[in-house]
Amino acid sequence: MIIAVDGPTASGKGTIAKALAAHFGLPHLDTGLLYRAVGRQVFLDGGDPDDAGDALAAVSFPDSLLGDPHLRNEETGGLASRVSIHPPVRQALYDRQRSFATQAGGAVLDGRDIGTVIAPEAQAKLFVTASVEARARRRFLEMRERGVEVTLAAIEDDLQRRDERDRNRDVAPLVPAPDAMVIDTSALGKEEAIAAAIHAVESAAAST
Ligand code: DC
């Protein structure tokens with residue numbers, strides 16, 4: 001079974017995807033990490049993330065970069081959003097994601113375009129979302145816990161900017177697949193969101 005989990009930044013899709021993978025015994029790929037690695041590599045190369053050529057050159061990042069803790073920070077998230085606009089970058093990352101999705105036994109992938117582009121045949125498609133306020137609040141608490149000095153307003157601004165870029169790009173924009181089940185996590189706790197996702201996947205699997 002292929003499970004596609006799409007949604008905006010800080011919606012809870014990563015947490016849900018990991019929990020689904022554990023529950024159904026499937027391997028999991030966080031595809032945002034690939035775009036983050038490209039963004040980070042452009043930075044390390046001294047390149048321009050808005051330049052398609054510089055971004056494409058960074059696609060051949062070393063696998064060891066995927067373990068770099070810098071990939072998780074907000075700056076790299078912003079760079080990832082900028083490099084992900086370029087169609088050749090998306091094309092270059094396609095095969096890697098596609099072969100992960102189609103491995104024997106199935107897989108869980110989370111990202112922006114899994115249900116629409118990478119695995120449109122997925123048996124279960126979830127679109128995990130939440131209000132900007134709820135997502136910003138979560139990100140704020142998470143960052144404060146890590147000791148990062150940041151304001152709620154700055155996080156809200158950044159999320160809004162990133163959402164807009166991800167939604168309005170020409171290729172593979174962030175939109176729910178027509179057959180995706182939408183889970184709004186704004187008012188849900190972590191365990192409630194996970195339970196809702198497991199339930200949605202079970203009902204999708206039962207109807208195929
Ligand atoms: O999920 P994330 O915040 O780690 O993703 C970082 C950026 O990568 C996001 O702003 C857009 C891009 N991305 C994408 O375009 N397609 C995906 N499947 C995953 C991420």
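Only this structure's heavy atoms are used, side chains among them; waters, hydrogens and symmetry mates stay out. Atoms within each ligand, like the ligands themselves, are counted from 1 in listed order.
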Query raised in the report: Just by distance, with hydrogens left out, do Arg135 and Ser11 show a side-chain donor and acceptor under 3.5 Å apart?
Result: no

Query - Salt-bridge criterion met for Lys13 and Asp6 (N-O under 4.0 Å) - result: no

**Report entry** Residue that, paired with Thr9, satisfies side-chain hydrogen bond (donor to acceptor under 3.5 Å, both in side chains) out of Arg139, Glu74, Arg112
**Finding:** Arg112

**Report entry** side chain to side chain donor-acceptor pair (under 3.5 Å) partners for Asp63, two or more places apart
**Finding:** Arg96

Query raised in the report: Taking only residues two or more places apart in sequence, or in another chain, which ones meet His28 in a side chain to side chain donor-acceptor pair (under 3.5 Å)?
Result: Asp110

Query - Within the 4.0 Å heavy-atom sphere of ligand 1, strictly under, residues - result: Thr9, Lys13, Thr31, Gly32, Tyr35, Arg36, Ala80, Ser81, Ser84, Arg90, Gly111, Arg112, Asp113, Arg162, Asp166, Arg169

Report task. For Asp95, check salt bridge (Lys or Arg N to Asp or Glu O under 4.0 Å) against everything at least two apart and list the hits. Result -> none

